[in-house]
Amino acid sequence: MLAAGLVAMGGCGQAAQDCARCGTVVVAATGDPTQLLPPLVAETVGRDIGDQVYERLADLAPGAAPIDSTAYRPALADRWERLDSLSWRFHLRPGAHWQDGRPVTAGDVRFSFEAFGDSVLDAPARPYLAHRLAVVPEDSGTVLIRFAESSPEQLYDATYHVRIIPSHIWSATPPASWLSDTNVAHLVGSGPYRIAEWKRGEYVRLVADSGAAIPPAVRQAIWRFSTDPDAALNLVLSHEADLLETVGTAERAQRVARDSALRLVPYASATYGFLGFQVRGGPNNRPHRIFGEPATRRALALAVDRETLARSVFGREAKAPPGPMSQLLWIWDDSITTLPFDTVRADRALDAAGWRRADGTKPRERGGRALAFDILVPSTSPARRQLGVALQAMWRAVGAAVTVTAVDFPVFQERLGRGQFDSYIGAWLDEPSPRGLADQWTRAGWDALNYGHYANPAFDALFARAGRAHDAAVARRLYREAMDTLNADAPALFLYTPANLAVVSRRLEGVEIDPYNWISGLRGWRAN
């Protein structure tokens, strides 16, 4: 259990040296990280903590296009320049040092890129790094990153994915042993905070690094881990914590709003949710009996009021996206063509596709088969279950018999991987680059995240052209054309992209939230 002085919400009207909470921030989190060393981190809470300790070479401004070279800000590197179509030179921040006092060197940068590209560690960023670039130290404070081929996102790949870790600590240990290393003393970064204590399953305590160039006003940050969202919310409502990443439902937000010591801070979410159809499946990847046909998918899409669904489940700030993207993704464009909500057209389109109604009480049939299918959802997501039930009602109105099956999340993932579903409600977390959508919606993603095995050569070609464009305006136009093509084919219904509401204690000042990493600005906040 944390010491009472670290968790009690005593007032700070007295002198700062007598105030147990002044300069300390407590974060309520759902779940706890399995790892904090960046190449091993899988959970967002681990990333949130690790990004206070470890640095990238440069940071991308929130909401900016990764192909915009002017949108990057100094971090571990204080400046950089492009040498030619394949090479960038980075100059490390003068005086940059590890929290154990050792200097950060260009050799550490090379070691870190090798770690993120290592097949044993298998970091999520490995496909973007392995065999695609080489890191060459030119001297102790200068490093050259040379790419194998020209790409508009070279600066993004050189900075966004990799947090720099100390080679003098990890180079002597085989990567296969890194997972089993539980020594907190080995979690040494160059960022503004260092890890002082980690009691697994309970909390992580960070303290400001005394050698930081600009000492943070928040001198101590504690993440307290809860088993579920309600328990995390209760930590804030009981004033045992100051921050919660997102409050969740409208009812939970109302509970927070009634507490004058707390406030709600809205910010866009990097998540988008969708209902995906199984377009092809089975041992031979045959077209699905219902969803293998674009005309039927389009007709069903016309019967869904996406805007009403999004707002009824996620609140008035939620939106129905114009494609597979969150509100944060820079290619969002309101001019993207989407299928409208029109039940009259939906009825006519189903008739035209051969799905006929014998009477108003039975589902439509075609060739002796009913228009009947299932929606698979994870039982751990009340919002997705609610969406499934609402879709069930909307499709029943146009003559479809729909069931909703909720299963535990591991079973949900297993069934998706095996193609054991008709349709499913999924959600993905965007990164700033749209290229990850290739794994979700192109033919190349069949062995990755494209569980419905959708493929359209026209979409794939447009998407690939957009990814090769160096000019943001040209890329945006091509992405819009690609999304127009995808929406017309209706392999999925893009249902929602929510707006998050963070819970913030009023004792915190200067709180600004980067939606891609909500607590990254902690070093600039103040805790009274």
Side-chain angles (χ1 to χ4, degrees), residues 37-39 50-51 53-61 64 66-121 123-175 178 186-192 209 211-214 432-433 470:
L37 187 69
D51 280 356
V53 179
Y54 299 93
E55 296 180 281
R56 299 178 172 100
L57 289 174
D59 292 326
L60 177 65
I67 62 177
D68 179 3
S69 61
T70 67
Y72 293 82
R73 303 173 296 194
L76 184 56
D78 70 342
R79 58 190 175 92
W80 50 88
E81 62 263 4
R82 185 168 194 160
L83 303 182
D84 54 45
S85 64
L86 299 177
S87 305
W88 293 79
R89 176 181 288 129
F90 291 84
H91 303 269
L92 301 186
R93 183 176 65 241
H97 64 274
W98 297 109
Q99 291 155 359
D100 61 5
R102 299 275 291 267
V104 179
T105 70
D108 292 314
V109 177
R110 177 173 61 186
F111 175 77
S112 301
F113 273 80
E114 290 172 349
F116 274 84
D118 186 89
S119 60
V120 174
L121 300 177
R126 188 169 73 89
Y128 303 127
L129 303 173
H131 312 300
R132 295 192 176 189
L133 55 82
V135 179
V136 181
E138 294 187 319
D139 57 42
S140 62
T142 309
V143 63
L144 181 71
I145 299 183
R146 184 178 294 116
F147 289 83
E149 58 185 29
S150 180
S151 162
E153 292 191 345
Q154 286 176 351
L155 188 53
Y156 178 70
D157 284 337
T159 59
Y160 187 78
H161 308 290
V162 176
R163 283 73 166 171
I164 308 306
I165 63 175
S167 61
H168 69 276
I169 289 178
W170 294 100
S171 60
T173 304
W178 288 14
H186 290 170
L187 296 175
V188 172
S190 60
D209 179 39
I214 303 177
S433 170
H470 288 262

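Every heavy atom of this structure was used, including side-chain atoms; hydrogens, water molecules and symmetry mates were not.
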Distance (rounded to the nearest 0.5 Å) between [X] [atom1] and [Y] [atom2]:
{"X": "I67", "Y": "H470", "atom1": "CD1", "atom2": "NE2", "result": "8.5 Å"}
{"X": "H131", "Y": "R126", "atom1": "NE2", "atom2": "CZ", "result": "7.5 Å"}
{"X": "E114", "Y": "I165", "atom1": "CD", "atom2": "CD1", "result": "10.5 Å"}
{"X": "H161", "Y": "R56", "atom1": "NE2", "atom2": "CZ", "result": "9.5 Å"}
{"X": "F111", "Y": "D118", "atom1": "CZ", "atom2": "CG", "result": "9.0 Å"}
{"X": "S433", "Y": "Y128", "atom1": "OG", "atom2": "OH", "result": "6.5 Å"}

For residues [X] and [Y], report the shortest heavy-atom separation together with the two atoms involved.
{"X": "F113", "Y": "A158", "result": "CZ-O, 3.3 Å"}
{"X": "A64", "Y": "A71", "result": "CB-CB, 3.4 Å"}
{"X": "P39", "Y": "L121", "result": "CB-CD1, 4.2 Å"}
{"X": "T173", "Y": "W178", "result": "O-NE1, 2.9 Å"}

Parallel, tilted or perpendicular, as decided by the 30° and 60° cut-offs, for the rings of H186 and W170: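 Rings of W170 and H186: perpendicular, as their planes differ by over 60°.
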
What do the steps show when you test Q99 against V188 for side chain to side chain contact (heavy atoms under 4.5 Å, CB included), and what is the final call? CA-CA 6 Å; Q99 291 155 359; V188 172; 4.0 Å; yes

Answer yes or no: is there a donor N or O on one side and an acceptor on the other, between the side chain of [X] and the main chain of [Y], under 3.5 Å?
{"X": "Q154", "Y": "E149", "value": "yes"}
{"X": "D108", "Y": "S167", "value": "yes"}
{"X": "R132", "Y": "P127", "value": "yes"}
{"X": "E55", "Y": "P192", "value": "no"}

Ignoring hydrogens and angles, write down the donor-acceptor pairs under 3.5 Å from the side chains of residues 72-79, residues two or more places apart or on other chains.
residue, atom, partner, partner atom, Å
Y72, OH, P66, O, 2.7
Y72, OH, Y156, N, 3.4
R79, NH1, H91, NE2, 3.4

[X] vs [Y] side-chain heavy atoms within contact, under 4.5 Å:
{"X": "L144", "Y": "S87", "result": "yes"}
{"X": "R163", "Y": "S112", "result": "no"}
{"X": "V143", "Y": "R110", "result": "no"}
{"X": "L57", "Y": "I145", "result": "yes"}
{"X": "S190", "Y": "I164", "result": "no"}
{"X": "D59", "Y": "T159", "result": "no"}
{"X": "Y54", "Y": "L37", "result": "yes"}
{"X": "W98", "Y": "H168", "result": "yes"}

R93 CZ: over 12 foreign heavy atoms closer than 6.0 Å: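 For R93, atom CZ is crowded (more than 12 foreign heavy atoms under 6.0 Å).
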
For a side chain to side chain contact (heavy atoms under 4.5 Å, CB included) check, start with the C-alpha distance between V104 and L92, then their side-chain angles and the critical distance, and finish with the verdict. CA-CA 8 Å; V104 179; L92 301 186; 4.3 Å; yes

